[in-house]
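Heads up, the thing below is written out as structure tokens.
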Amino acid sequence: MVDVVVENTTTGFNPRRQRLADFLFRSTTRLFAIGVLVLLGAVMMSLLVGGAPAFQAFGVAFLWGDVWNPVKQIFGGAPAIYGTLITSLIAMLIGVPLALGVAIFLTELCPPILRRPIGILIELLAAIPSIIYGIWGLFVLAPFLQMTVQPFLKETLGNIPLIDFLFRGPPIGIGVLTAGFILAVMVLPFIAAVTRDVFLTVPPILRESAYGIGCTTAEVVRDIVLPYTRIGVVGGIMLGLGRALGETMAVTFVIGNAHRVSASLFAPGTTISATLANEFSEAVGPLYIPSLILLGFILFIITFCVLAAAKLLLLRLDRQAAK
Amino acid sequence: MTLYTRRRATNLVILTLSLFATGLGLLILFLILGALLYHGVPALSPSTFVHATPAPGNQGGLSNAIFGSVVMTAVATLIGTPVGILTGTYLAEYGRSSWLAPIVRFVNDILLSAPSIIIGVFVYTLMVVPMGHFSAWAGSIALAILVIPVVVRTTEDMLNLVPAGLREAAFALGTPGWKVVVMVTYRAALQGMMTGVMLAVARIAGETAPLLFTALNNQFSSTNMNGPMANLPVVIFQFAMSPYADWQRLAWGGALLITFAILVLNIVARFLANWSGGSTSR
């Protein structure tokens, strides 16, 4: 910028003061932007420092220790870590196909006039707080699964050798499978929204050319849309996975809170976030709180990696689209 | 079967499945809202809003929880919004060619999806441990940390939608940079920024996890920000998990209140965004 010093005595306009104000405003915004970085660093540091006593006591074996005994002050993270991973896996197995279905419906099949309303309704699923999913899952979904889906799975898939161990035990409604179901519903709107948005970035000419040579809608989606948007779709799925891993209240309601690793999907289990939610405010003893914070640190690292990967993939897509 | 009929059949199957997936999503939404109305409406009465949470077996309401939720949400929004707006301003107005902006944007997007219970643990070690007790302040700070990334994101998006010509016109009149931002760009993007704040309020109003070990809960009415304070989400959690039928009933009532408040906020925010011509992309 060219410096033009104009002293305007009638309005009291003082360029030097304005430049100072400008500098201050710019620095303030910059300071707060740096603050966001500091915030992330502070979260990591506080978890690391808070969890350090537990790490010193149990070492790396905390990752595969499967004893969780507050009375004897022996803690192992394996049941919670396993539960976190397995519920998220179930959520992805159910949620991803559903989300892709919704995205395909919204971009290829839906009459244009219904696109916005249906899209908004699906997005409202994401607005419902997780505690509501929890209370609904406990009082409505769990009894329903106990009466219908779980006996059905037991009688069909439960009789197939090699996978029958997944469906052993009484169907009690609450447990790993129910938590996975709830998570699937919760990640559905996130994945569907991203997938729909990236599907819409496919140039119409590609799609129309495919239709022009006689492709069916399914073939257009499989051979044109999905290959073109694959990075974005994977990014969306990772975003959903990040949500599923850290989801707390809904899971806490329906997972049953048992610190053990069971092969059966009907068995109660726990996740990192559910353990924190249930036990943190009542934890006593020198190693209890540090162990919980260490679990939190592990969760943070896992979700950080997943979300960072998702973000990098989506950024790559943006750059591709800009070209 | 000819190739053609097979392709047609595959197509039909895929499209039916995608229709089914959408139907299932909508069905679940309506099932949840239906269950809330079915269990929640009978649980609500005028006394719900004037009496505090009862002991099991006694008559009572949710007044202390509603008060606590409103206060903590308000304080969190008041703290988080300015921070979010200033950061968003930096990203949109000043950070275009700096190395800092992409990193901040990246970190902000991670904070946006980071597990909220982790924020609870963070505030616990930061505030509850040094202060020696749970407090509504700690709960508000935890919620404020959740407000920031939402507001940063929408502020940046909305400021980017303001046409460059508007800024250039202001600069051409010799307006200092900060005045251009505050008097011109903010004004042009005001509705969109409001949308962001409303979405942030909607997000924290139902957050439970960060409050569990910051604000905790309080059986009684309290206006002391330095002590534990009742709030709807934690009350719903405790009451729903309890074995008492009348507590569970109140939990449903609270769940209905929260959900409809949040859905209304979301829908209003969307209309506001549409009206101003912006989009609320995530």
Side-chain angles (χ1 to χ4, degrees), chain A residues 18-19 21-22 25-26 28-30 32-33 35-37 39-40 43 46-47 50 97-98 101-102 104-105 109 118 120-122 124-125 127-132 135-136 138 140 185 188 193 216-219 239 242-243 246 248-249 273 276-277 280-281 293 296 299-300 303-304 307-308 311, chain B residues 7-8 10-11 14-15 17-19 21-22 24-26 28-29 32 35 83 86-87 89-91 94 100 103-104 106-111 113-118 121-122 125-126 145 148 152 176-178 202 206 208-209 212-213 216 233 236-237 240 251 255 258-259 262-263 266 270 282:
Chain A
Q18 293 299 339
R19 237 174 316 182
D22 218 21
F25 186 72
R26 181 195 292 253
T28 314
T29 63
R30 197 179 151 91
F32 278 98
V36 171
L37 293 186
L39 185 64
L40 186 82
V43 171
S46 78
L47 294 176
L98 284 179
V102 171
I104 292 171
F105 177 82
L109 207 58
I118 293 183
I120 289 179
L121 285 176
I122 293 288
L124 282 186
L125 269 179
I128 294 177
S130 88
I131 183 140
I132 305 301
I135 191 171
W136 182 76
L138 180 65
V140 181
V185 179
L188 165 71
T216 63
T217 307
E219 286 161 353
L239 209 60
R243 293 265 173 179
T248 310
M249 297 320 293
S273 48
L276 288 173
F280 204 98
S281 56
I293 296 182
L299 174 65
F300 191 67
T303 47
F304 183 90
L307 292 171
K311 200 60 214 153
Chain B
R7 287 175 52 211
R8 287 269 303 258
T10 320
N11 189 41
I14 301 264
L15 294 187
L17 285 177
S18 80
L19 183 66
T22 313
L24 189 69
L26 298 180
I28 290 175
L29 177 69
I32 293 177
V83 179
L86 285 170
T87 307
T89 308
Y90 177 77
L91 293 181
Y94 298 117
L100 183 62
I103 302 176
V104 172
F106 186 81
V107 165
N108 187 66
D109 280 348
I110 291 198
L111 284 175
S113 301
S116 56
I117 193 150
I118 297 292
V121 176
F122 170 61
T125 57
L126 191 76
I145 294 177
I148 295 171
V152 170
W178 71 274
T208 320
L212 283 172
F213 27 86
L216 201 67
I236 294 173
F237 177 50
I258 278 199
T259 310
I262 288 171
L263 290 187
N266 258 284
R270 264 163 224 281
R282 247 180 283 278

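Within every chain, numbering begins at 1; the chains are lettered A, B, ... in the order of the sequence lines, protein sequences first and strands thereafter. This structure is a prediction, so every number in the text was calculated from the model and none was measured.
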Under 4.5 Å from any heavy atom of chain B - which part of [X]:
X: A:Leu98; answer: both
X: A:Leu138; answer: side chain
X: A:Val140; answer: side chain
X: A:Ile135; answer: both
X: A:Leu276; answer: both
X: A:Thr217; answer: both
X: A:Thr216; answer: both
X: A:Val185; answer: side chain

Choice from A:Ile118, A:Leu47, A:Leu124 maximising heavy atom contacts with chain B below 4.5 Å: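 When all of A:Ile118, A:Leu47, A:Leu124 are compared, A:Leu124 has the most.
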Greatest number of heavy atom pairs closer than 4.5 Å to chain B - which of A:Phe300, A:Phe32, A:Phe280: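 The answer is A:Phe280.
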[X] and [Y]: which non-hydrogen atoms are nearest, and at how many Å?
X: A:Ala277; Y: A:Thr248; result: CB-CG2, 3.7 Å
X: A:Leu307; Y: B:Ala114; result: CD1-N, 4.0 Å
X: B:Ala209; Y: B:Ser116; result: CB-OG, 3.8 Å
X: B:Ala240; Y: B:Ala251; result: N-CB, 3.7 Å

Which atoms of [X] approach chain A - backbone, side chain, both or neither, heavy atom under 4.5 Å:
X: B:Ala255; value: both
X: B:Leu216; value: side chain
X: B:Leu15; value: both

Counting heavy-atom pairs under 4.5 Å to chain A, which of [options] comes out on top?
options: B:Leu26, B:Val152, B:Thr125; result: B:Leu26
options: B:Ile32, B:Ile28, B:Thr208; result: B:Ile32
options: B:Leu100, B:Thr10, B:Leu91; result: B:Leu100
options: B:Ile14, B:Ile110, B:Thr89, B:Ile258; result: B:Ile110
options: B:Phe106, B:Tyr90, B:Phe237; result: B:Tyr90
options: B:Leu212, B:Leu17, B:Leu29; result: B:Leu29

Do [X] side-chain atoms and [Y] backbone N/O form a donor-acceptor pair below 3.5 Å?
X: B:Asn11; Y: A:Ala218; answer: yes
X: B:Ser113; Y: B:Leu111; answer: no
X: B:Asn266; Y: B:Ile262; answer: yes

Side chain proximity check, A:Thr29 to A:Phe25, heavy atoms < 4.5 angstrom: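 Yes. Closest side-chain heavy atoms under 4.5 Å.
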A:Leu37 side chain near B:Val104 side chain, heavy-atom distance below 4.5 Å: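 Side-chain contact under 4.5 Å: yes.
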To the nearest 0.5 Å, how far apart are [atom1] in [X] and [atom2] in [Y]?
X: A:Met249; Y: B:Ile236; atom1: CE; atom2: CD1; answer: 10.0 Å
X: B:Leu24; Y: A:Leu188; atom1: CG; atom2: CG; answer: 8.0 Å
X: A:Ile293; Y: B:Ile118; atom1: CD1; atom2: CD1; answer: 10.0 Å

